[in-house]
Amino acid sequence: MEFLKNRKTAKGITALIILFSILLGAHLSLTKLKEETLSVFYQGENKGEKGIQSDLEYISDQCYNLTVVAGRYMNREENEVKEVSERLEALKKADTPGDKYRAKENLIKASMELHGKLNLMNLSEKDRYYCDSFPVNLKSRELIISHNSYNVKAASYNRCLQRFPANILSRITFVRPLELYE
């Protein structure tokens with residue numbers, strides 16, 4: 001225990017404690033900022049607002065409903081119906097905002113192909129109304145998504161990670177940039 005009474009040892013231990021405190025504080029601060037930014041994607045910026053995730057769920061519901069309409073006039077095993085179902089599942093499994101964006105784009109593409117095929121069929125009045133409003137509903141929801149502040153906030157967070165001292169501390173503490181919804 002004599003080494004603990006040594007001035008050099010005390011200075012070394014103090015330096016290690018300070019270094020550990022800096023790294024822990026940086027990790028906690030950057031992680032909290034990351035979680036706050038990511039919450040905009042899922043819950044929206046303000047309470048009562050909806051995030052992009054809610055809009056993606058709306059789009060998924062619309063596309064699923066299109067497969068229900070298609071099931072009245074087509075075999076569920078037809079390529080267009082199966083493709084939409086597979087794309088719906090891919091969107092559910094997507095984890096990151098970028099993956100969700102790509103899955104949403106693929107879902108909309110497949111759904112519009114199914115929509116085009118349904119438009120050529122003799123649909124009931126109710127189903128025709130749904131098919132006519134389908135592309136408008138998707139465009140409307142995409143417009144709402146385009147006004148969401150997630151990408152602006154994520155880009156700001158990512159810029160913060162590129163500035164000193166966060167650029168060094170984020171690498172040491174394994175804090176990574178956020179993926180944009182694009």
- Exercise: do Gln53 and Lys100 side chains pair donor with acceptor under 3.5 Å: yes
- Closest non-hydrogen atom pair between Cys131 and Leu66, with its separation: SG-CD1, 4.1 Å
- Pair Tyr181 + Tyr150: ring centers closer than 6.0 Å: no
- Message: Which residues pass the side-chain hydrogen bond (donor to acceptor under 3.5 Å, both in side chains) test with Ser140, not counting sequence neighbours?
- Response: none
- May I ask you to check whether Arg128 and Asn122 show a side-chain donor-acceptor distance below 3.5 Å? no
- Query: Under the salt bridge (Lys or Arg N to Asp or Glu O under 4.0 Å) rule, what pairs show up with a residue in residues 163-182, not counting sequence neighbours?
  - Reply: Arg102-Glu179
- Item | Pairing residues for Glu78 by the side-chain hydrogen bond (donor to acceptor under 3.5 Å, both in side chains) criterion, not counting sequence neighbours | Lys117
- Using the side chain to side chain donor-acceptor pair (under 3.5 Å) rule, collect all pairs that involve residues 153-162, keeping only residues at least two apart or in two chains. Glu45-Lys153
- Query: Can a donor-acceptor pair be found between the side chains of Gln62 and Tyr130 at a distance below 3.5 Å?
  - Reply: yes
- Task: Could you pull out all residues at least two apart from Arg72 that satisfy side-chain hydrogen bond (donor to acceptor under 3.5 Å, both in side chains)?
- Result: Asp127
- Listed once per pair and sorted, the ring pair (Phe, Tyr, Trp, His ring centres under 6.0 Å) pairs that draw on residues 60-86, sequence neighbours left out: none
- Salt bridge present between Glu86 and Lys82 (N-O < 4.0 angstrom): no
